[in-house]
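Numbers for residues simply follow the sequence, beginning at 1. Keep in mind that the numbers below use all heavy atoms, side chains included, and drop hydrogens, waters and symmetry copies.
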Amino acid sequence: MRFDDNEPVFRRSKWGTNHYEYNPRNPVGLALTVLTITVVGLMLLLMHNHAGPFADPPEPSPSPWSPPPDMSKWVPPQYSSPWPGSPEPEYPPTP
């Protein structure tokens with residue numbers, strides 16, 4: 001393959017669209033083609049092996065056991081009104 005430095009790095013796609021593609025007849029275009037294929041292949045390999053940025057997150061280390069806090073200080077009151085100063089509700093007498 002002969003390289004020509006006068007060839008453009010990008011050329012129009014031959015599929016009739018306005019997209020451009022790397023030109024392998026230019027040394028820079030060939031280098032970009034090889035680099036792109038290498039990077040895509042490496043990313044696919046890393047994804048398949050769950051390595052690098054695609055690795056599973058490490059399992060959290062278990063914390064040492066500690067007894068539950070004493071909740072006896074936090075016993076709810078017998079009756080708490082949602083509004084301050086409101087009268088206590090009147091319940092019907094029980095038989």
Side-chain angles (χ1 to χ4, degrees):
M1 171 183 273
R2 295 198 52 132
F3 292 118
D4 186 9
D5 289 335
N6 293 329
E7 286 276 338
V9 176
F10 300 102
R11 66 178 179 192
R12 274 192 193 266
S13 176
K14 293 180 181 176
W15 289 7
T17 61
N18 275 341
H19 296 282
Y20 286 86
E21 58 187 23
Y22 298 137
N23 186 359
R25 293 186 184 185
N26 184 303
V28 175
L30 182 64
L32 287 172
T33 302
V34 170
L35 182 68
T36 301
I37 291 172
T38 304
V39 167
V40 168
L42 179 65
M43 287 296 123
L44 289 173
L45 189 63
L46 288 174
M47 280 189 256
H48 177 70
N49 292 330
H50 297 283
F54 308 105
D56 295 330
E59 292 293 325
S61 60
S63 60
W65 182 83
S66 61
D70 182 21
M71 298 300 288
S72 62
K73 301 184 276 191
W74 303 99
V75 176
Q78 292 296 326
Y79 171 78
S80 63
S81 172
W83 297 281
S86 64
E88 291 194 22
E90 295 180 18
Y91 297 106
T94 58

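Linking ILVMFWY residues whenever their side-chain heavy atoms come closer than 4.5 Å, directly or via other members, places Tyr20 and Tyr22 in the same cluster.
Residues in residues 7-24 take part in these salt bridge (Lys or Arg N to Asp or Glu O under 4.0 Å) pairs, two or more places apart or across chains: Arg11-Glu21. Applying the ring pair (Phe, Tyr, Trp, His ring centres under 6.0 Å) test to every pair with at least one member in residues 35-56, sequence neighbours left out, gives no pairs at all.
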Would you be so kind as to tabulate the donor-acceptor pairs closer than 3.5 Å made by side chains of residues 30-40, with sequence neighbours excluded?
unit_1, atom_1, unit_2, atom_2, d
Thr33, OG1, Gly29, O, 2.8
Thr36, OG1, Leu32, O, 2.7
Thr38, OG1, Val34, O, 2.8

